[in-house]
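So the structure is just underneath, and the comments pick up after that.
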Amino acid sequence: MEYREFRLTGSGGQGLILAGIILAEAALLEGKNVVQSQSYGPEARGGASKAEVIISDSFINYPKIDKCDILLALTQKAYDKYIDTLKDNGVLIVDNGISLNNNINNINVFSIPILNTASEKIGTPMVANMIALGSIQAVTDIVKMESLEKAVLSRVPKGTEELNRRALNEGVGLINNRKGTLNYETC
Amino acid sequence: MEYREFRLTGSGGQGLILAGIILAEAALLEGKNVVQSQSYGPEARGGASKAEVIISDSFINYPKIDKCDILLALTQKAYDKYIDTLKDNGVLIVDNGISLNNNINNINVFSIPILNTASEKIGTPMVANMIALGSIQAVTDIVKMESLEKAVLSRVPKGTEELNRRALNEGVGLINNRKGTLNYETC
Amino acid sequence: MVSKLIDKYYRTDRLPHIWCTGCGNGIVLRSIVKAIDNLGLNKDDICVVSGIGCSSRASGYLDFNTVHTTHGRALAFATGIKFSNPNLHVIVITGDGDCAAIGGNHLIHAARRNIDITTVVFNNNIYGMTGGQYSPATPTGDKGTTAPYGNIDYNFDLCELAKAAGATYVSRSTIYAANMIIKQVEEGIKNKGFSFIETLTICPTYYGRKNSKGNAVDMVTHLKDSAVNISAYEKLSEEEKANRIPIGELYKRNRPEYTEKYESMMKLF
Amino acid sequence: MVSKLIDKYYRTDRLPHIWCTGCGNGIVLRSIVKAIDNLGLNKDDICVVSGIGCSSRASGYLDFNTVHTTHGRALAFATGIKFSNPNLHVIVITGDGDCAAIGGNHLIHAARRNIDITTVVFNNNIYGMTGGQYSPATPTGDKGTTAPYGNIDYNFDLCELAKAAGATYVSRSTIYAANMIIKQVEEGIKNKGFSFIETLTICPTYYGRKNSKGNAVDMVTHLKDSAVNISAYEKLSEEEKANRIPIGELYKRNRPEYTEKYESMMKLF
Amino acid sequence: MKEIKNDKLIIEKNLCKGCGICVAFCPKNVLEIKDKKVSIRDLDSCIQCGLCELRCPDYAIYLGGK
Amino acid sequence: MKEIKNDKLIIEKNLCKGCGICVAFCPKNVLEIKDKKVSIRDLDSCIQCGLCELRCPDYAIYLGGK
Amino acid sequence: MADNNVVLMQGNEACVEGALIAGMKFYAGYPITPSTEIAEISASKLPKIGGKFIQMEDEIASISAVIGASLAGNKAMTATSGPGFSLKQEGIGYAIIAEVPCVIVNVQRGGPSTGLPTSPAQGDIMQARWGTHGEHSIIALCPSTVKEVLDVTIRAFNLSEKYRTPVIILMDEVVGHMREKVELPNPSKIEIYNRKKPTSSPDDYMPYKVKDGDIVPEMPSIGEGYRYHVTGLVHDEYGFPTNDSSIAEKLITRLVEKIESNLDDIVEYEEYRLADADEAIIAYGSTARSAKSAINLLREKGRKIGLFRPITIWPSPKQQIEILAKKVKRISVIEMNLGQYYLEIDRIAGKYTNVTKYGSVNGELISPDEIISFIEED
Amino acid sequence: MADNNVVLMQGNEACVEGALIAGMKFYAGYPITPSTEIAEISASKLPKIGGKFIQMEDEIASISAVIGASLAGNKAMTATSGPGFSLKQEGIGYAIIAEVPCVIVNVQRGGPSTGLPTSPAQGDIMQARWGTHGEHSIIALCPSTVKEVLDVTIRAFNLSEKYRTPVIILMDEVVGHMREKVELPNPSKIEIYNRKKPTSSPDDYMPYKVKDGDIVPEMPSIGEGYRYHVTGLVHDEYGFPTNDSSIAEKLITRLVEKIESNLDDIVEYEEYRLADADEAIIAYGSTARSAKSAINLLREKGRKIGLFRPITIWPSPKQQIEILAKKVKRISVIEMNLGQYYLEIDRIAGKYTNVTKYGSVNGELISPDEIISFIEED
Ligand SMILES: Cc1ncc(C[n+]2csc(CCOP(=O)(O)OP(=O)(O)O)c2C)c(N)n1
Ligand SMILES: Cc1ncc(C[n+]2csc(CCOP(=O)(O)OP(=O)(O)O)c2C)c(N)n1
Ligand code: SF4
Ligand code: SF4
Ligand code: SF4
Ligand code: SF4
Ligand code: SF4
Ligand code: SF4
Ligand SMILES: [Mg+2]
Ligand SMILES: [Mg+2]
């Protein structure tokens, strides 16, 4: 039975809630069960942002995540705050601007230039969330790429479809192209 | 053990609530237990007025009156409404302007010119309540005249003491002077 | 037997009403009904909403759709009714306490939205129903059972308040000038928007008695003497104004109405 | 480290505050504190009362007696405090929603009584705390999360409302004209009676974003451009007035204050 | 309980509470209070102005034919 | 974390949220935003008018000696 | 994402969706976390279907407008959270005595007072039952999944129309804010109940008389020609205020009994792994989800434990709980408060079995681990 | 009538008298039958003793002003009836979480809604316990005679000061409006409790920290130099808002426990002819008077029956009721509602004895005859 817990973290405005929703919807398209939730409360205003997704083959009872299987962190603050909530042997996907803590053992780390790719390569920081989604897909294979694309297209504003599709694929590329080339995976 | 229930009825403005309070306070002066209550609610506005007093040697538990021992009625309306709440062998004191019902058996009736005495003899309808109190005292002897006078004097506005005392005595007189002369008592 | 007017619009089996001898409420109520008659409205299309108070008991006597709500909330209930069915003529009957004390917030917000409700305030300067406590309309210095030494509050100028809040028709009258009430209620109903009509009435039982204002006739006479038509009022000196109160149509403004604005918004789809 | 002013009057260990980047609340708050400093008041004699909202969080940052109440009720709490201890300088900090939506009734009644409370409204034209719903101060046509197609309500002129209700000092300013806030709060505190000070501020996060008003600088610039001193405003044509808003001291009146009137009444005995 | 059957002025004593408002403000002094109820003193003077009906709080007096 | 120790103008970067208000309304163009925080571009031009302090929502900039 | 009508939906969103399916045409509210999305989504959807959305000046005005709208013939709803729910209590009492159908949603957050605005709680369970003054009964429903929010909202409208009474939906922040898979029902297959309108002529209409065989009086809309009187005072069958004591007794008793005598129709609940259980948990809302997780783990450890989950929380499923109590050796009530529903369960079940409670008020959903240690320890 | 300090007094009047003895210096209210005399008498008496009376614009403003006044150092009270009591609920929650002593009187009338404004009822018993949102406990006292109104009001102030919590006085219309003999206590002999003020310097003062050995934190008045922050949000010991879950748990639990762990001090009750009883009535307020009459008559007929009368109605006298339940073969709960306190008694006593109920909602005091026939029949 598959049961995977995702925590996407960063700052407000990076579109992580939307990313969480899209990830959940993609899983839904494949007939899976999902629960998506996000942080409300003072943090939500302060600039921090957190979205959580559980994907499972069977019905999800307890809807909260304590420790997660996959942690995405787009800011140093988010990384510092949430790194301890990643399970042993969990997957960490971080923007490569973030300096990693030394105590991260038994964790699969993917440090990739998400923000940079967004602003430099695609030309807008707005799509960092899509790049992140692509990278999550590539690392975890939790949903098929078609499902993810379909979910993205149903959620993004008209006229931005191509841009977002490109970002998604860039995210996949960031993972696939660096696989084997660097050795962060286990540190 | 003495336990007596009084119901004073008439129309608003006749001062029957005050009369009830004074009667209760007079009893209090003699160390008795009392409960006084009055009608609130729509009747209180409509012009009808009702005050109830229970006087007892011992503590009064149930504070309401169902059937009363003594009924005072100053208006026809009040008489019609409450006559059935008088106990068998109860005492009825009515203004003589009120036409009595034929079915009043086993009742001691005192039909006396309360309103007339107030306006004609004393010169103000305002003191009808005091006359009524005097008549109640004379009929029932429930409290001593001194106690009643004392209670009256502590409640009426300064400058009206004499007027009220006179009215009280007129009330006593209305009973004493007619005793034996007419035969309403049992009809 | 009652007059044709009363017979046509009242639930006559509920008469006589509960109001005290000389209470002015009956006069205001008849004036409202007369205005409705003059306009020839269909009884089924009228909804009268009231709060809680002596005045608010009025709704029970009228043969319209009548809703006797909670204390102070008549305008909020009425907003739900009018917004739900904009075809209804919604008239709110309220007291000075109901409307301006506990209900003050709903008054200013209904006025702000300019929702098409005609509000008639029975201002007797007191809380009648509960036995004579001072209200936000009790003149400073006057007594109430909760102001035994004289009220230290200032009283609202309710018309100024309604105007500042956004009402589009604002007027005042007295039970002496009952014909003026009739006219104003007609205008208020015709105004597509929030109409605020203050009627000065009398509570001989509490306000009158507490303040030695004499009997009902004395109190009506006082209203007659102190009320001055707005046009004449404006010409008075400040000194003369002090003991006078302006009556008449005090303010009008043109502004699209709330439910109509909503209907146009719905047409966008 | 902070400036001497901030250090003297703020609970500096609670900084940085929770407000968003560019939120105007901090500017208004500093202005209030500066006014207090100018007046040389004793910190122990000041009680700041606020309701619920982003703006109402202000009380927590100030080193006075501070009471953060329930939504809309700050003025009612403040009335109890001031009436209990008339020696206190009571300042109410409130938002447009807190003060004019749920709290509207307490506003008009505090004004009516002319109780000596200085009320500073942080008007950002929106419910900030709950995420951008329209408020009674959101201009007609503007958007909020509950007005996705544009707000069809009219917004209050809060100063007109406070005046009509009985306030004895009424003024308006903007965060651009922060020196004016300082002056007005000084005057408001000095006024023995109910003072109502509306400060126009900005919520870039919700009102700004929902209505494409640009960033904080754009929004402050807009305030700068649209606010006109009352004396100049009165000389404008109706057309010119349409997109302008008058600032300055709008209204003053002399009237005995509530707690003083009560004190004199007590002297009767 | 209608007291006076006439075409001019009808009184419903049942409803009258005797406040005296109609009496006080009748321009022609047509009315009076008798036994705490309104009563017609001088029907002939009545000009059917309707002011008594307009101001009676209890709907106890009204013009005939109305 | 005080950036510039001078007697004229003190900046507390910790508190600055980079809104740009002080920058935009400084009459002498003394300030700029760098790395999302306020920064002094040209201290010499500063006339110590205090407007930046007056309008900084975050108390992150103030005149020296204050 | 409309494939197969399976969508990802937030609890608050599902509430609006259910309301619209049930026929909601009117929403009046005042924003408050964590219920605000219900207002926001209603504001966006209602104008498109000819429905009315209004943001009122406060919660009191909101419930008042909702009652007015319902009297005028619209199915109406309002949503709020604790502080606003407290303010609506007087209005709820009016809807009860005047028998005005309407739906009140309370997405529970931490309390008392402004409390913990963004954290979940189940602290308003007893308030929902007893918050308004005077003798009364109430219907309150408590969904546990997003799909169930949708279903329960439809049911809330149906029950309110059928019993002419306000129905309360008690969510908690977790359920209100989480997104989950929802299979949209086929609207044509859903039973929608509409208030019964009078068929007699207006002249014969007695607005507060229950016809033989009916549960409640028939209810026309304002403007349909039945001009009747509505009041929050005790009233007779004609709708007019009275102080008559026998009428008063009859009215208040009828209002209570129309609910308490129809438990079979009103009460809904779920039994989870109870068939062979010798021990049970009672939980509702999001806490019931944690309880299920806990039960699955406890079962793995060999304990015969199951869950009884009231969906209708008021009136409580008395009979079912009594039967359960006679069967199991222990019932544990788990809730995000310090033991509110526990009081009801203890009263019903305490005569027959051991009733224990576990609660917390820390603003966090009780976890399966907490439940397991409570069950194993105690 | 001041002889021997024995006076005739109305229940509502005795309430003011008691409040003044207890040190009330502030009253804010909004008129409502049958509580209005409390406002009227306060308005007349307070200015004479340097106290403050204010009529606020509504009940919400009244409870708010009362809380403000208490924070400013005055003992403060407000009085109302059902509809107004519903409106005060949010404010009561604030007083609970911010720990502001104050007294709220509810003179109960018929409900729900505007109900039966001038008739007695006991329909707000559960509302007093649960009317405000969020987890909390409450103290509510229920006097039965006019003299007891006076005593209970003094006690209400004392308890509110001691436990820094709002205390509710639940009268009913009968007790509020009747006049009865009252022996005025010698004020010098009455124990008056005043909130404990901080002795430490303002710098060391932690407004929401309970010192060792104390029940509640010390409380200065606004203006005395302790500048602290008061909030209705969950807060830490410094008084500032926090979302920290352990602090939240600790705060809410402490607020509940300061009441629930001090039952010995808080709970007051009367036992009437219970010594040899094998059957008992539980009743409170005016109904308990009828019950005593009934018991006396039943005793004459040979039944060994007695009365247990809770004066502290919340928290309920659990221990005493449990002991009673183990002793008697039947407990009958008699109240002017359809069985509210019955639920509490049934929960506590139902495990040990047969608990039955008799109630009415007709706006009339239950008579001894009714009670007798219920007891004899059932
Ligand atoms: C919530 C609530 N608070 C208070 C009351 C008591 N009450 C009933 S009517 C009234 C005041 C009525 O005054 P007003 O509106 O001026 O009407 P009037 O009786 O003078 O016509 C009050 C305070 C109530 N019924 N409900
Ligand atoms: C009784 C109650 N209703 C609603 C809320 C939710 N609420 C909190 S703040 C707020 C509005 C704040 O708007 P405003 O007063 O303008 O302050 P801002 O956040 O814009 O500064 C609302 C509706 C609440 N806390 N309590
Ligand atoms: S109390 Fe006053 S307002 Fe009420 S009916 Fe009597 S006179 Fe009219
Ligand atoms: S949401 Fe708006 S008002 Fe609130 S802190 Fe942010 S900018 Fe300021
Ligand atoms: S109609 Fe005119 S003249 Fe005739 S009685 Fe009436 S008021 Fe007098
Ligand atoms: S005005 Fe009406 S109630 Fe008054 S005396 Fe005349 S007829 Fe009678
Ligand atoms: S003090 Fe004046 S000149 Fe200097 S930086 Fe600030 S705003 Fe610019
Ligand atoms: S105004 Fe203040 S917060 Fe904004 S950029 Fe300047 S220093 Fe930073
Ligand atoms: Mg009035
Ligand atoms: Mg705002």
Side-chain angles (χ1 to χ4, degrees), chain D residues 11 13-14 18 42-52 56-57 59-90 102-103 105-110 112-113 115 258-259 262-269, chain H residues 25-28 43-76 78 90-95 97-98 100 102 202 207 220-233 235 238-241:
Chain D
R11 293 170 177 144
D13 51 338
R14 305 209 45 89
I18 59 158
N42 185 328
K43 289 202 281 185
D44 289 332
D45 296 342
I46 293 172
C47 183
V48 172
V49 185
S50 64
I52 298 288
S56 289
R57 281 300 189 100
S59 56
Y61 299 112
L62 299 180
D63 185 23
F64 303 121
N65 302 287
T66 53
V67 187
H68 181 226
T69 69
T70 51
H71 188 39
R73 318 300 174 191
L75 274 164
F77 278 77
T79 297
I81 293 168
K82 175 72 190 181
F83 190 27
S84 279
N85 182 352
N87 295 324
L88 293 170
H89 299 283
V90 177
I102 192 168
N105 208 27
H106 311 304
L107 170 63
I108 60 178
H109 283 273
R112 178 175 66 78
R113 290 188 193 99
I115 186 161
Y258 185 82
T259 65
Y262 192 90
E263 301 283 332
S264 346
M265 184 186 80
M266 281 199 294
K267 292 206 185 96
L268 294 177
F269 305 105
Chain H
K25 279 281 155 41
F26 190 97
Y27 182 97
S44 145
K45 297 203 163 176
L46 277 171
K48 295 187 180 170
I49 57 145
K52 309 289 167 76
F53 171 89
I54 188 167
Q55 186 171 289
M56 295 298 289
E57 51 273 21
D58 61 22
E59 288 88 350
I60 300 173
S62 303
I63 180 78
S64 302
V66 157
I67 296 171
S70 181
L71 287 169
N74 278 327
K75 290 191 184 176
T78 185
E90 194 201 4
I92 292 174
Y94 186 92
I97 200 170
V100 187
C102 56
S221 303
I222 291 174
E224 289 182 337
Y226 296 81
R227 298 185 304 272
Y228 72 106
H229 188 57
V230 183
T231 180
L233 290 169
H235 47 269
Y238 298 91
F240 294 111

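So that the names make sense, note that chain A is the first sequence line, chain B the second, and so on, each numbered from 1.
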Distance, nearest 0.5 Å, that separates [atom1] of [X] from [atom2] of [Y]:
| X | Y | atom1 | atom2 | answer |
| --- | --- | --- | --- | --- |
| D/Asn105 | H/Glu57 | CG | CD | 5.5 Å |
| D/Tyr262 | H/Leu46 | OH | CG | 5.5 Å |
| H/Ser64 | D/Ile81 | OG | CD1 | 10.5 Å |
| D/Asp13 | H/Tyr238 | CG | OH | 9.0 Å |

Side chain, backbone, both or neither: which part of [X] has a heavy atom under 4.5 Å from chain D?
| X | result |
| --- | --- |
| H/Tyr226 | backbone |
| H/Ile54 | both |
| H/Ala28 | neither |
| H/Ile49 | neither |
| H/Tyr228 | backbone |
| H/Pro202 | neither |

Looking at every non-hydrogen atom in both residues, tell me the closest pair between [X] and [Y] and how far apart they are.
| X | Y | answer |
| --- | --- | --- |
| D/Tyr258 | H/Phe53 | OH-O, 4.1 Å |
| H/Lys52 | D/Ser84 | NZ-O, 3.7 Å |
| D/Ser59 | H/His229 | OG-CE1, 3.4 Å |
| D/Leu88 | H/Gly223 | CD2-CA, 3.9 Å |

Using a 4.5 angstrom heavy-atom cutoff, name the option from [options] with the most pairs to chain H.
| options | result |
| --- | --- |
| D/Met266, D/Lys267, D/Arg113, D/Met265 | D/Arg113 |
| D/Arg112, D/His71, D/Lys43 | D/Lys43 |
| D/Thr69, D/Asn85, D/Thr79 | D/Thr69 |

Is any side-chain heavy atom of [X] closer than 4.5 Å to a side-chain heavy atom of [Y]?
| X | Y | value |
| --- | --- | --- |
| D/Arg11 | H/Phe240 | yes |
| D/His106 | H/Met56 | no |
| H/Leu233 | D/Arg57 | yes |

Per-residue contact mode, D/Phe77 against chain H (heavy atom under 4.5 angstrom): both
With sequence neighbours excluded, residues passing side chain to side chain contact (heavy atoms under 4.5 Å, CB included) with D/Asn65: D/Cys47, H/Ile222, H/Arg227
